[in-house]
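Shown next, in structure tokens, is the structure this report addresses.
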Amino acid sequence: MFRSSNVAARIFERQIRTPAPGTSVHCARLFYENLVPSHTIYDVECPDHSFRKFTEDGHYLISFSRNNQDLIVYRPRWPSFCCKEDNCIHDLPQKAKRFESFFTELYTVSLASNNELICKDMFLYSESNQFGVFVTSTAPLHDAPSSGEAVPGIPSIDKITFHLLRLRDGDTLDKKVFHNDFINLTHNMGVFLYDDLLAIVSLRFQTIHILQIRDSGNLVDVRAIGTFCREDDELFLNSNAQYMPVSDQSQLNHSENDVETRAHQNPLYQNNTLLSGIKQRLLSFVFREIWNEESDDALRIQSLKKKFYFHFQDYVDLIIWKVQFLDRHHLLIKFGSVDGGILVSRNADQHPAFFAVYNMETTEIVAFYQNSAEELYLFFEMFCDHFHPQSRSSLHMNFISSHSNNIYAFEQLRGIKKKAIFTQFVKKMLGSLPFSCQSRSPSPYFDQSLFRYDEKLISATDRHRQSTDHPIKFITRRQPYTLKFKIKTGPEAGSADSRTKKISSFLFHPFLPLALSIQQTVFSQPSINIHFRK
Amino acid sequence: MGSILGDLPSFDPHNFSHFRPSDPSNPSKMTPTTYHPTHSRTIPPPDQVITTEAKNILIRNFYRRAEEKMRPKRAASEFLTQESGCKQPRASMTTSDTP
């Protein structure tokens, strides 16, 4: 885009040339090739907190105390210092090389009390009103007594509390508590925030709770999808005699013996004779899909026997694992078997998973695919960005590189596709669906069209990675393909012991050339480096 | 020349020698060329309102595929004409409606 790589020449060129339509952000980002966090302060002395992430608008740095009971919020700022000497050597004085030069503590709030702990991996930010959602919970019980509608085999947590905080001053605005439930609280997996709608998946009771975060700071229940789909389903069923528990029903002379015996045999549905609302929608959709595949009635029935009735119990036993919003009305729900493991999605081969697109307004299932479906993979390849729905109020989050918006990421995907067996490749790619929200950093230094870097060592996704002693290089994608900056974790001279396993995590500011790299080992304190542009 | 640009230096003073700047006291009688349609086949309906589709392209695709699957299947012979040499996924697989 620019003819020269010199920043002054680029500024002059920017004065006279307008960017191509719709690319103003991309052209502005080109300047990040010139302003890079090339200077590192090694092993900064900082408070003993676990730093979680920068908020997407760059206003706050969220951290938790070591005992996971307090929240500490910092504001990132740029260091400034003054020199008394006449010719100041442009090196930072020692007193400026501190954590406090870069971050000001705003407040500390105690979120968890007694036996509760803050879930470190769970944090959601609502950019439009600067609200943060945090979760505290008590310890999980793995041998939970099954009760009523609870799915057996899933642990139970006594109390899970969702806190809505206004990050400007740390005030708790609202709370939502779940009792004797289980929500997957690692890495935002059991929740999804889109705009002002928050989806929480209760695995134990197989319900998707949709809450709305209002500007006034209230968490309002919108709907609960699971046993019931529409708001008045419960009222309708309760007023209908057939929905009585089995023990009552046996007193009536119903001819529903088959249903009763089946319910008795299946411990999941001892108290209900009806399947849950979402399951009914799913089964009827699968039925109609198979019915419409054939035009001849005899073939239809044969097809149904083979594909539907033979697997009927497997379909009934499917449970909701994970959910994401596709837009305000549509959810992408991942179904799987209980044995599949709620936390690990790696063994996709043994345990089939299914994806359903559900319309919350019409309460209909729109589409249903197995995790090996090529059609779904085709949509994933062409429209990956639409699987990360972004609210319009969010400026920075709309430009994160993916294989749908970046040619280099797409080339990478194509390279993997060529080398792999197609069915395995499809399962692996679809295994990342539904996506977790707010798990990628919007920093322009991760933009694949600006820099090339080793994705195994560092990437936009905030996960812990294997740490190396070698610095991670960021090389420009365009001419002259030079190394622009390096991120080195750990102490400057490298750690003395190269055999202990080290993991590192990176926190990049959304738009400033500022990053934190945290290297942790099992035995010693984490070592934090600050990378910034001097 | 009496223009508002004055006597600025130019590459070739004979450029723009035929140019007569428009004078408000003596309006030009030339009207610019206009084009009128000769038929009314492409006129939009009078109550047409153009808005952005609320559903994004991904969801539209889900609905379209679902509609295709849910439509009762027709005889196989009707599909033979469009299968030839079609390697790219077509935007729409539907042919004309049943006669």
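Just so you know, these numbers use all the heavy atoms, side chains as well, and skip hydrogens, waters and symmetry mates.
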Ring-plane angle category for Phe354(A) and Tyr315(A), please: parallel below 30°, perpendicular beyond 60°, tilted otherwise.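 Phe354(A) and Tyr315(A): tilted rings.
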What distance do Trp321(A) atom CH2 and Phe335(A) atom CZ have between them, rounded to the nearest 0.5 Å?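 Answer rounded to 0.5 Å: 12.0 Å.
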Relative to chain B, which segment of [X] carries a heavy atom at a distance below 4.5 Å: side chain, backbone, both, or neither?
X: Leu332(A); result: neither
X: Val366(A); result: both
X: Tyr369(A); result: side chain

List the steps and the verdict of side chain to side chain contact (heavy atoms under 4.5 Å, CB included) for Phe422(A) and Glu374(A). CA-CA 9 Å; Phe422(A) 192 60; Glu374(A) 283 178 32; 3.4 Å; yes
Sub-6.0 Å ring centroid separation between Tyr377(A) and Phe425(A):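 Between Phe425(A) and Tyr377(A), which both carry aromatic rings, the centre distance is below 6.0 Å.
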